[in-house]
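So that the names make sense, note that chain A is the first sequence line, chain B the second, and so on, each numbered from 1.
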There are 2 protein chains.
Amino acid sequence: MNAKVTIHDVARMSGVSIKTVSRVLNREPNVKAATRDRVQEAVAALNYRPNISARSLAGSKAYLIGVFFDNPSPAYVTDVQLGAIGRCRTEGYHLIVEPLDSEGDVEEQVAPMLATLRMDGVILTPPVCDDARVLAVLDAEGVPYVRLSPDRDLDRSAYVRMDDVAAAYEMTAHLIKLGHKDIAFIKGHPDHGAAHLRYDGYAKAMAEHGLAVREDRVAQGWFSFRSGFEAAETLLAGEDRPTAIFASNDDMALGVMAVANRLRLNVPETLSVAGFDDTPGAKVVWPQLTTVRQPIQAMAAAAADLLLSGDLKGEDGAAPPSRLLDFELVVRESTGPAAG
Amino acid sequence: MNAKVTIHDVARMSGVSIKTVSRVLNREPNVKAATRDRVQEAVAALNYRPNISARSLAGSKAYLIGVFFDNPSPAYVTDVQLGAIGRCRTEGYHLIVEPLDSEGDVEEQVAPMLATLRMDGVILTPPVCDDARVLAVLDAEGVPYVRLSPDRDLDRSAYVRMDDVAAAYEMTAHLIKLGHKDIAFIKGHPDHGAAHLRYDGYAKAMAEHGLAVREDRVAQGWFSFRSGFEAAETLLAGEDRPTAIFASNDDMALGVMAVANRLRLNVPETLSVAGFDDTPGAKVVWPQLTTVRQPIQAMAAAAADLLLSGDLKGEDGAAPPSRLLDFELVVRESTGPAAG
DNA sequence: ACAAGCCATGACAACCTTGTCAAGGCGACC
DNA sequence: GGTCGCCTTGACAAGGTTGTCATGGCTTGT
């Protein structure tokens with residue numbers, strides 16, 4: 001019942017050589033249409049599937065794409081995997097996931113794996129995508145890679161990212177359009193490039209709409225719930241309060257919501273709250289959070305696409321290709337018209 | 001710099017045959033200690049890593065473990081991957097992740113993949129672990145698998161699960177010890193076996209402590225935030241309220257918290273709320289949620305261990321091996337002494 | 001001291017597919 | 001009509017490792 005079917009069986013059944021079967025399987029040119037059909041019938045009849053080990057041993061492809069991450073937001077990782085698989089599966093590629101421990105000896109984790117697996121490409125998520133050690137090993141082993149939302153060294157490799165500045169700009173504009181003039185901002189972890197970009201978008205929107213950014217309305221956060229909570233405690237102390245708070249990620253925004261609840265400030269009647277990222281938690285509060293959705297699956301799919309289409313070098317020494325994807329403003333119930 | 005190092009190079013350098021190198025690499029017996037050392041030195045000096053494709057083509061192992069899931073909670077999937085990798089990496093195994101679409105033709109997704117990859121084993125997470133079609137294909141292809149928290153057919157394969165009954169019992173007992181006598185319960189999705197087990201644990205604890213379960217204190221939920229929200233609206237309407245609500249997962253518990261906030265019921269002073277699962281959201285509310293933590297990483301590691309140790313059949317027709325892991329009660333701020 | 005058996009090792013085939021190169025067939029072009 | 005060149009196909013080696021089996025040396029038991 002389960003005897004392994006090899007390419008020889010297909011060749012015999014369709015009366016051609018194994019090489020021709022191989023040609024059909026790999027969509028190589030120079031096969032007569034009639035032959036091709038006959039082979040494909042045999043493949044279907046025998047339910048033949050090429051053995052991936054033999055393929056990669058004989059040929060140059062491993063049919064494996066790696067996904068590296070470290071201490072990730074689970075939702076992010078899952079989305080990356082789903083997006084990448086979507087593009088890979090149709091072409092017979094599979095996904096190898098490799099959690100890394102940046103605290104430890106990354107080289108020792110990455111190098112053996114690259115040497116044994118000979119993957120066709122790797123997708124790097126933050127913060128691994130900015131780890132010089134990882135990039136060095138990849139370069140040394142000659143494994144192509146695409147980075148997702150890298151912070152620096154953008155010319156070093158192909159990458160895919162979202163326009164954080166524009167997204168933060170739009171969110172701020174959304175609040176302004178609702179009538180808010182006194183909009184506070186909670187910054188993210190200064191080591192993350194996105195934190196700066198988001199602040200820039202906020203500042204730009206304020207400036208372009210003729211609104212001043214009061215220094216005491218900008219708080220430093222660390223992208224954590226707790227840091228959002230503490231920032232909100234400061235921002236909302238006393239009578240002179242902003243009418244809206246834009247936290248540069250959802251976890252911090254949820255911290256703001258918690259403080260608002262505690263202080264009995266109604267959201268959004270008294271205080272509007274906006275987040276960034278559209279994490280699962282954004283829908284698991286009441287009222288649900290207005291936020292920005294990163295097209296993570298699409299970004300991962302784009303990364304896989306760059307890897308599979310194989311033009312990562314950039315024509316003639318030009319910068320490697322990159323893609324900028326559109327964000328989506330998700331307006332839910334936590335933002336509303338400014339009071340008064 | 002980067003010429004591929006093969007087993008031949010190691011053999012030449014250490015003055016033995018490639019077969020002996022292979023023996024050392026695979027920890028086979030019958031190699032003199034001195035020879036072994038010499039070979040290992042050469043391996044280290046040349047930085048040799050065996051090629052996984054060649055290995056699996058020649059031998060019987062693929063050094064690949066699959067993880068199948070469908071529409072999962074991201075945190076769950078990530079934990080499974082981390083747990084499984086922890087056990088796999090030391091033995092040179094890698095993880096292939098395969099999201100499945102149970103709505104579509106699962107056979108068509110699974111069968112080709114098993115045939116091409118020839119994985120050494122597969123870890124199945126709910127709900128895939130109870131999908132008869134998937135199990136049938138795995139059996140047909142002869143690929144060993146371990147199921148995580150399966151609902152039914154427990155004798156069919158090896159599995160790993162947690163004691164949901166005991167965990168729900170303990171949580172209920174925790175509330176009772178705090179002085180609560182009027183404890184409401186929100187059930188989960190009736191299609192999930194865990195939903196029933198958790199209710200059973202609750203009911204058992206109530207009975208053993210001589211407390212009656214009022215029918216109007218048990219609400220049907222669906223494991224979603226919204227269903228928890230709605231159940232809480234009913235449970236908390238009017239003056240005759242329970243002093244504690246035990247929701248059988250965190251999402252529903254967060255729904256309860258949202259309603260409590262809305263009704264200005266202080267948690268935990270007026271109302272204690274308990275959840276189940278310890279999702280990331282549990283820490284992203286105020287007060288943070290008392291809940292039950294499933295040892296998901298440990299469960300996945302145990303599954304990988306069963307796969308790698310390879311005794312999945314059960315001795316002499318006995319039931320396949322299974323492991324029952326301990327839960328952990330995570331007491332945070334959302335539960336407190338009963339009022340009055 | 002001799003047979004039996006175990007230990008350590010090596011030669012070689014096998015695993016299944018792709019890459020290389022050669023060859024036959026056929027139409028086009030001069 | 002002959003030559004060139006493209007399309008189509010096949011034979012065979014290559015890819016790096018493990019499995020099988022054979023070999024020779026050394027130990028054990030009598």
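For A:Asp131, the salt bridge (Lys or Arg N to Asp or Glu O under 4.0 Å) partners at least two apart in sequence or on another chain are A:Arg133. In terms of the salt bridge (Lys or Arg N to Asp or Glu O under 4.0 Å) criterion, residue partners of A:Asp130 (sequence neighbours excluded) are, by chain and number, A:Arg147. For the salt bridge (Lys or Arg N to Asp or Glu O under 4.0 Å) test, residues two or more places apart in sequence or in another chain that qualify with B:Glu91 are B:Arg87. Under the ring-ring contact (aromatic ring centres under 6.0 Å, His included) criterion, A:His94 pairs with no residue, sequence neighbours left out. In this structure B:Ser309 satisfies the side chain to side chain donor-acceptor pair (under 3.5 Å) test together with B:Asp311, sequence neighbours excluded.
Formation of a donor-acceptor pair under 3.5 Å by the B:Thr20 side chain with backbone atoms of B:Val16 is not found in this model. At distances below 3.5 Å, at least one donor-acceptor pair connects side-chain atoms of B:Asn26 with backbone N or O atoms of B:Ser22. Judged purely by atom type and a 3.5 angstrom limit, B:Asp79 has no side-chain atom pairing as donor or acceptor with the backbone of B:Tyr76. Using a distance-only test at 3.5 Å, with no hydrogens or angles considered, no donor-acceptor pair links the side chain of A:Arg49 to the main chain of B:Pro112. Looking at A:Asp153, its side chain never comes within 3.5 Å of a backbone N or O of A:Arg156 through a donor-acceptor pair. Formation of a donor-acceptor pair under 3.5 Å by the B:Gln109 side chain with backbone atoms of B:Asp101 is found in this model.
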Just distance, no hydrogens or angles: give the donor-acceptor pairs under 3.5 Å from side chains in residues 58-69 of chain B, sequence neighbours left out.
{"residue": "B:Tyr63", "atom": "OH", "partner": "B:Arg55", "partner atom": "NH2", "Å": "3.4"}

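Contact footprint of chain B on DNA chain C: nucleotides with an atom under 4.0 Å from a non-hydrogen protein atom, first to last in 5' to 3' order, C:dA8 to C:dC16. First and last contacts of DNA chain D with chain A, using any nucleotide atom under 4.0 Å from a protein heavy atom and ordered 5' to 3', fall at D:dT8 to D:dG16.
With a 4.5 Å cut-off on side-chain heavy atoms, B:Pro99 and A:Leu82 count as touching. Using a 4.5 Å cut-off on side-chain heavy atoms (C-beta onward), A:Arg161 and A:Arg323 make no contact.
DNA chain C is contacted by no residue of residues 43-52 of chain B, taking any non-hydrogen atom closer than 4.0 Å. For DNA chain D, the residues of residues 30-38 of chain A within the heavy-atom distance limit of 4.0 Å (strictly under) are A:Asn30, A:Val31, A:Lys32, A:Thr35, sorted by number. Residues from residues 58-65 of chain A with heavy atoms under 4.0 angstrom of DNA chain D, sorted by number: A:Ala58. Only A:Ile18, A:Lys19, A:Ser22, A:Asn26, listed by number, bring a heavy atom of residues 14-28 of chain A to less than 4.0 angstrom from any atom of DNA chain C.
Salt-bridge annotation for A:Arg118 and A:Glu141: absent, with no side-chain N of the basic residue lying under 4.0 Å from a carboxylate O of the acidic one.
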Inset, instruction - Go through A:Gln81 and B:Gln81 one step at a time and tell me if the side-chain hydrogen bond (donor to acceptor under 3.5 Å, both in side chains) criterion holds. - result: CA-CA 12 Å; A:Gln81 294 176 0; B:Gln81 294 176 0; 2.8 Å; yes

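Put simply, CG on B:Leu124 and CG on B:Leu148 are 8.5 Å apart, with the number rounded to the nearest 0.5 Å.
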